[in-house]
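Reading through the structure tokens given below for one structure.
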Amino acid sequence: MAPKKRSRAAPSHSEASTETAGGRKARKEPAEEQQKDSYSHWLMKSEPESRIENGVDVKFGIEDLKALPNQTGCWDGVRNYQARNFMRDMRVGHQAFFYHSNCKEPGIAGLIKVVKEAYVDHTQFDKKDAHYDPSSKPENPKWSMVDVQYERTMKRFIPLSELKKHHLQHKAKGGPLKGVALFTRARLSVQPLSEEEFDFVLSLEDADNQI
DNA sequence: GCCAACGTTGGC
DNA sequence: GCCAACGTTGGC
């Protein structure tokens, strides 16, 4: 999964979500912002190295987001129902880790924040797009995206290998990362973190926490 | 580039 | 609605 460089799409109507495909419930009431059991921290995967899909380079690393006008871009190209549903749960101000996937050194590169809530991902209708979906019709769009803004690069890159060590350790002896989605639902490109998980990962930035 | 894990599709 | 075949993700 890799969003493309695009600073802002033409504003589309935000869809009332209907189908859920086994994920969590989609929202209906934009007025009720604070649903209790919903997440407010996320991890979003993108590929920082060039790879051609449908004739298009899907490269989009944190530096690419940082380079966009206003350091803001739309997170398009998500084509998995669970990941989409998580994006629909996102609210303005939520923080997410920017994760580099499918690359030489996978891991957490930085922090981003949600600046626009879910709306129609126009790239699903674009034959020239890497993530064109011929099965989706404009009258009933399948896929959504959010806008995110670069917040900062991590004080140091947090490699997947390090996160995995903690995960395994926590699984054996208990700890915040014992059930973290990055390993228990490895293929999800947009995933939630509990506050505890999020805080623990943040604490890894400090050198004395290194393994 | 290999391939395990897992999500999706479609025949029945 | 089962499930085999197929396609994709993403670490290694």
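- Protein atom NZ of A:Lys165 is 16 Å distant from nucleotide atom P of C:dG11, rounded to whole Å.
- Side-chain nitrogen and oxygen atoms of A:Lys164 include at least one within less than 4.0 Å of the OP1 or OP2 phosphate oxygen of C:dC12.
- Counted by atom type alone, A:Ser101 and A:Glu47 present zero donor-acceptor pairs between their side chains at under 3.5 Å.
- For A:Ser101, counting side-chain heavy atoms from C-beta on, the closest listed nucleotide (C:dG11, B:dA5, B:dT8) is C:dG11.
- Residue A:Lys45 has no polar side-chain atom (N or O) positioned under 4.0 Å from OP1 or OP2 of C:dT9.
- Taking the six-membered ring where tryptophan is involved, the planes of A:Phe157 and A:His100 are tilted, since the angle between them lies from 30° to 60°.
- Taking atom CG on A:Asn80 and atom P on B:dA5, their separation rounds to 19 Å, with Å as the unit.
- Between A:Arg51 atom CZ and C:dT8 atom C1' there is a gap of 9 Å when expressed in whole angstrom units.
- Contact check, A:Tyr99 against C:dT9: no side-chain N or O comes under 4.0 Å of OP1 or OP2.
- Separating the CZ atom of A:Arg187 from the P atom of B:dG7 is a distance of 6 Å, rounded to the nearest angstrom.
- Electrostatic pairing of A:Glu53 and A:Arg51 counts as a salt bridge here, judged by a charged N lying under 4.0 Å from a carboxylate O.
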Decide yes or no on side-chain contact (heavy atoms from CB on, under 4.5 Å) for A:Leu163 and A:Ile108, but give the supporting numbers first.
CA-CA 9 Å; A:Leu163 294 165; A:Ile108 292 173; 3.9 Å; yes

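- Side-chain atoms of A:Tyr81 lie closest to B:dT8 of the nucleotides C:dG10, B:dT8, C:dG11.
- If you find the closest nucleotide of DNA chain B to A:Thr184 and to A:Ser135, the one lying nearer the 5' end belongs to A:Thr184.
- By the side chain to side chain contact (heavy atoms under 4.5 Å, CB included) test, A:Arg187 is found to be paired with no residue, residues two or more places apart in sequence or in another chain being considered.
- Nucleotide B:dT8 holds its P atom 10 Å from the CG atom of A:Leu188, rounded to whole Å.
- Side chain A:Arg79 to base C:dT8: no donor-acceptor pair is found below 3.5 Å.
- Atom-to-atom, CG of A:Leu168 to C1' of C:dG11 comes out at 14 Å; the value is rounded to the nearest Å.
- Taking atom CD of residue A:Gln191 and atom P of nucleotide B:dC6, one finds them 13 Å apart after rounding to whole Å.
- The nearest heavy atom of DNA chain B to A:Ala186 and to A:Asn102 marks one nucleotide each, and the one closer to the 5' end goes with A:Asn102.
- Between the CG atom of A:Leu163 and the P atom of C:dG11 there is a distance of 11 Å, rounded to whole Å.
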